Amino acid sequence: MITRDDFWVIADEARLETEYAADKKLHYLQNVSLEALQNICLQYRYFTKDFPDNLGVLVSKLPYGQMKSLIGKILSEELGEGDQKLTHLRLFDNFLISINISEDVFESSINQDNVTLLNEIKQLTLNESPAYAIGLCGMGGECLCQIYLANMHKNLICNPYIKENRKSIDWEFWNFHVGDADVIHRQLVREAINEIADADPSCVSDLAAGYQKAKHNWDVFWNNIYSASVPELQ
């Protein structure tokens, strides 16, 4: 049986691997054309759109305690804490519009390989154990996602089009997601997982399985995006 300490060794190793993979995958944002840049950014929108619904399912599955309250808080933030204009999807859409992507294509441009992937995440979050769903959606969506976002932003701001138009671009989404809030979330998630693992050590294997599935999903998600948007990099 995997212990709590074993799990954090696995998680920390996966995080390092993800940091390397994310940097490698997203480095090309520095030099791609505007069209490719727009396509890549647009594809990330579809994860942002699905994430709150998956968090809602996760909250419904969790026992009362630190993790349920924390995921509920993160969900509230994703939904703008009651203000429709501040939902994270709306903030990301504002960014997309500011790099000259028409709202008309928002709902019709998803990479079809990622449709399958995102639907699988929904079903696994719904049907697998709460611990698995924490690893998949809680840690995968909140912690591993943050690695990709940080690398996306780091490389995005070096792109010539972004540098030239920086003052006219809406940065609110990025100000939130590459700031201190997500670092704090990651620490709180760790503390809440420790509480769950200490209460029921048998759930750690499912936590690890969900987390490893999340890591695999992120690798596939971004491979699908840049194989379609910048095929010459394959």
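Being a predicted model, the structure only gives us computed values, none of them experimental.
At least one side-chain heavy atom of L156 sits less than 4.5 Å from a side-chain heavy atom of W174. Put simply, the side chain of N159 does not reach to within 4.5 Å of the side chain of L29, judged on heavy atoms. Side-chain contact check for L26 versus Y148: some heavy-atom pair is nearer than 4.5 Å. With a 4.5 Å cut-off on side-chain heavy atoms, Y46 and F221 do not count as touching. V9 has its side chain within reach of E13: a pair of non-hydrogen atoms, C-beta onward, lies under 4.5 Å apart. In this structure, N100 and Q38 have side chains that are in contact, with non-hydrogen atoms separated by less than 4.5 Å. Using a 4.5 Å heavy-atom threshold, the side chains of L207 and I2 count as separate. Put simply, the side chain of W171 reaches to within 4.5 Å of the side chain of H153, judged on heavy atoms.
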task = Please assess I110 against L118 for the test side-chain contact (heavy atoms from CB on, under 4.5 Å), listing each intermediate value before the final yes or no.
result = CA-CA 11 Å; I110 188 170; L118 292 172; 3.9 Å; yes
request  = Decide yes or no on side-chain contact (heavy atoms from CB on, under 4.5 Å) for M139 and V189, but give the supporting numbers first.
outcome  = CA-CA 7 Å; M139 294 187 70; V189 168; 4.0 Å; yes
inquiry  = L37 vs I162, test: side-chain contact (heavy atoms from CB on, under 4.5 Å). Steps then yes/no.
reply    = CA-CA 10 Å; L37 179 72; I162 298 296; 3.8 Å; yes
query = Please walk me through it: do N94 and F173 pass side-chain contact (heavy atoms from CB on, under 4.5 Å)?
reply = CA-CA 8 Å; N94 291 343; F173 175 88; over 6 Å; no
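In the hydrophobic cluster analysis, where Ile, Leu, Val, Met, Phe, Trp and Tyr join through side-chain heavy atoms closer than 4.5 angstrom, I121 is grouped apart from V57. No continuous path of hydrophobic side-chain contacts links L117 to L126 [ILVMFWY only; heavy atoms under 4.5 Å]. Criterion: ILVMFWY side-chain heavy atoms under 4.5 Å apart, direct or through other members. Under it, L89 and L42 are not part of a common hydrophobic cluster.
Atom-to-atom distance recorded for Y161:OH and S33:OG is 12.0 Å, nearest 0.5 angstrom. Here the straight-line distance linking atom CD of E128 with atom CD1 of I134 works out to 13.0 Å at 0.5 Å rounding. With rounding to the nearest 0.5 Å, the separation of CG in L91 from CG in L96 is 11.0 Å. The distance from the CG atom of D170 to the CG atom of D93 is 10.5 Å, given to the nearest 0.5 Å. The distance from the CD1 atom of I71 to the CD atom of Q66 is 10.5 Å, given to the nearest 0.5 Å. The line from CG of N217 to CD of Q212 is 12.0 Å long, rounded to the nearest 0.5 Å.
Applying the side chain to side chain donor-acceptor pair (under 3.5 Å) test between H88 and each of E77, K49, E172, H177 identifies H177 as the sole match.
Here the closest non-hydrogen pair linking C203 and A131 is O-CB, 3.5 Å. Minimum heavy-atom separation, L62 to K68: O-NZ, 2.8 Å. Between P52 and L75 the shortest heavy-atom distance is O-CD1, 3.3 Å. Closest approach of K215 and E17 over heavy atoms only: CE-OE1, 3.0 Å. The two residues Y211 and A14 make their nearest non-hydrogen contact at CE2-CB, 3.6 Å. Nearest heavy atoms, P130 versus K61: CG-O, 3.6 Å.
Counting only distance, with no hydrogens or angles, the side chain of Q30 and the backbone of K154 share no donor-acceptor pair below 3.5 Å. S98 contributes a side-chain N or O that, together with a main-chain N or O of F95, makes up a donor-acceptor pair within less than 3.5 Å. Not a single donor-acceptor pair under 3.5 Å links the side chain of E78 to the backbone N or O of F51.
Electrostatic pairing of K213 and E120 counts as a salt bridge here, judged by a charged N lying under 4.0 Å from a carboxylate O. Taking the charged nitrogens against the carboxylate oxygens, D83 and R90 have no contact shorter than 4.0 Å, which rules out a salt bridge. The existence of a salt bridge linking D198 and R4 is confirmed by a sub-4.0 Å separation between a basic side-chain nitrogen and an acidic carboxylate oxygen.
The distance between the ring centers of W222 and F47 does not fall below 6.0 angstrom.
In summary, the side chains of N224 and N111 do not present any donor paired with an acceptor at a separation below 3.5 Å, with no hydrogens or angles considered. Side-chain contact, T125 with N54: no donor N or O sits under 3.5 Å from an acceptor N or O.
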